[in-house]
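Here, residue 1 is the first one in the sequence, and each next residue gets the next number.
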Amino acid sequence: MTVETPAPPARDRQWLFTFVPAFPLLLLVLRLWYLSRQDTTTMLLLVQYVNPLGLVSALLITLVWMLPVVVLVVRALGLLLRASDGRADAARSWLWRVSRRMPDWVVLVVAGLAALTWQMRFLPVLLMLAVSILALTMRLRHGDRPRTVRAYGVVLPVVVAVVAYAWLAGAIGESVRAGEWATAFLLVAPPALTPLLTGPVPQRLARLVTHWPATVAALVSPFLIGAIFLRAPVLPTVALEQTDSPVVLLGAIVTVDDQMTTLLEAGGSVRFVPNAEVRSRTLCPDPELAPASVVTVHGWPVEQTALEWIAPSRPPTTPDPRCLGRPAEPGPTG
């Protein structure tokens with residue numbers, strides 16, 4: 001019978017929770033500073049007019065996939081540490097304590113969120129994490145039932161791997177033929193590794209393969225999140241056609257009042273255009289990136305999420321010439 005060593009009482013670190021609201025606020029300020037091209041005056045103008053709700057929405061949309069990464073990886077590595085090393089020294093690890101206190105319903109919810117927001121090529125990784133978490137949880141809770149442990153730790157991973165390979169076989173062959181080795185690795189490796197992550201590792205290696213990688217990832221992830229969010233669009237892009245000039249102004253619209261339209265150009269300079277001189281104004285959609293992969297899984301492009309694949313999208317239209325920097329063709333203007 002497996003008896004889990006109780007975790008020792010943790011030191012009071014509630015003061016760390018003060019950084020939870022401070023980190024998103026810091027990201028928002030850095031985003032405006034980056035958008036203003038490091039000009040303080042322009043940044044203050046943006047702070048005055050930019051809606052904080054828009055910044056928060058951009059932050060959530062851009063980084064919604066990060067929450068499942070953090071929760072699932074911490075839970076999986078914490079369970080692996082708990083199953084491999086029952087000493088009191090290991091029980092003092094933050095990874096041990098966080099995984100122990102994490103409710104099962106949270107893991108279930110973020111796994112569903114990941115299924116919707118992760119690209120298709122990362123879903124085998126999600127499957128690997130989910131099966132590993134389930135098998136390790138059953139091992140810790142029912143260690144005195146060998147059949148249960150064997151069913152979840154051996155039989156289930158093998159069955160899941162066989163089903164995954166049967167479903168991904170066409171995409172794996174397509175990625176190999178196309179020379180997309182990274183995509184092929186993401187489709188092949190996780191199902192094969194799943195049976196190796198459902199049981200304990202040697203006790204002397206437990207902290208080395210669980211605690212320290214998680215600690216390094218926790219230190220690096222804020223910088224990665226910041227780098228991703230700094231490039232997220234937070235202002236609508238517009239094209240302004242002037243009455244007395246053939247030049248079309250392109251940039252992010254900051255505000256529009258009764259007399260002036262404030263435009264932030266791509267170079268970071270601010271232009272104030274009188275509304276009387278604006279002939280037409282059009283909203284420019286985000287430029288669509290050409291797909292970098294030709295691989296699909298039963299018609300599902302590997303670069304698309306389930307939400308993008310299922311949800312309705314706008315039909316392709318002819319680009320507005322004003323969004324390309326050219327005056328509109330003769331005729332009615334918007």
Side-chain angles (χ1 to χ4, degrees), residues 61-77 79-80 107 110-136 152-199 201 205 208-210 212-214 216-217 220-221 223-225 227-228 231-232 287-311 313:
I61 293 174
T62 305
L63 303 177
V64 66
W65 57 272
M66 284 295 298
L67 177 62
V69 172
V70 173
V71 173
L72 295 176
V73 171
V74 167
R75 181 61 180 265
L77 292 180
L79 289 173
L80 186 59
V107 179
V110 298
L113 179 63
L116 294 175
T117 59
W118 285 13
Q119 293 183 7
M120 192 275 131
R121 54 185 164 189
F122 297 115
L123 293 187
V125 178
L126 173 62
L127 187 64
M128 176 186 69
L129 291 173
V131 173
S132 174
I133 290 172
L134 177 60
L136 291 171
Y152 285 94
V154 179
V155 178
L156 178 62
V158 172
V159 172
V160 168
V162 171
V163 173
Y165 283 135
W167 190 59
L168 297 172
I172 294 173
E174 189 177 351
S175 61
V176 171
R177 288 190 297 270
E180 298 183 18
W181 302 111
T183 300
F185 177 81
L186 289 172
L187 299 179
V188 172
L193 294 176
T194 301
L196 304 179
L197 299 177
T198 58
V201 298
L205 299 177
L208 180 63
V209 301
T210 57
W212 294 115
V216 173
V220 173
S221 58
F223 299 97
L224 176 62
I225 292 174
I228 295 174
R231 300 183 180 276
E288 296 186 2
L289 298 177
S293 176
V294 298
V295 180
T296 60
V297 180
H298 300 284
W300 182 351
V302 295
E303 291 181 302
Q304 283 191 349
T305 66
L307 283 178
E308 295 172 339
W309 192 44
I310 298 173
S313 58

- prompt: Can you tell me how far the CG atom of L72 sits from the CD1 atom of I133, to the nearest 0.5 Å?
  reply: 5.0 Å
- prompt: What is the minimum heavy-atom distance between L187 and A171, and which atoms define it?
  reply: CD1-CB, 3.9 Å
query: Is any side-chain heavy atom of M120 less than 4.5 Å from a side-chain heavy atom of Q304?
result: no
M128 to L197 - nearest heavy-atom pair and separation: SD-CD1, 3.7 Å
- request: Drop me the distance from E308's CD to W300's CH2, to the nearest 0.5 angstrom.
  value: 10.5 Å
field: Shortest non-hydrogen separation from L80 to G199 and the atoms involved
entry: CD1-O, 3.2 Å
- line: Distance col, row L134:CG vs L129:CG, nearest 0.5 angstrom, shows 12.5 Å
- request: Spell out, as yes or no, whether a donor-acceptor pair under 3.5 Å connects the side chain of T117 to the backbone of L113.
  value: yes
- prompt: What's the spacing between R75 CZ and L136 CG if we round to 0.5 Å?
  reply: 9.5 Å
field: Separation of R121 CZ from S175 OG (nearest 0.5 Å)
entry: 11.0 Å
message: Can you tell me how far apart CH2 (W118) and CG (L116) are? Round to the nearest 0.5 Å.
response: 12.0 Å
message: To check you understand the geometry: which heavy-atom pair defines the closest contact between P157 and V154, and what is its length?
response: CD-O, 3.3 Å
task: List the steps and the verdict of side chain to side chain contact (heavy atoms under 4.5 Å, CB included) for T198 and Y152.
output: CA-CA 8 Å; T198 58; Y152 285 94; over 6 Å; no
task: Among L168, I172, V176, L193, find the one that has a side-chain contact (heavy atoms from CB on, under 4.5 Å) with V188.
output: I172
- prompt: Are any non-hydrogen side-chain atoms of V160 and L127 less than 4.5 angstrom apart?
  reply: yes
statement: Here the pair of heavy atoms bringing A164 nearest to P191 is CB-CG, 4.0 Å
- prompt: What are the two closest non-hydrogen atoms of V295 and E180, and how far apart are they?
  reply: CG2-OE1, 3.4 Å
task: Check the angle between the aromatic planes of H298 and W167 and answer parallel, tilted or perpendicular using the 30° and 60° thresholds.
output: parallel
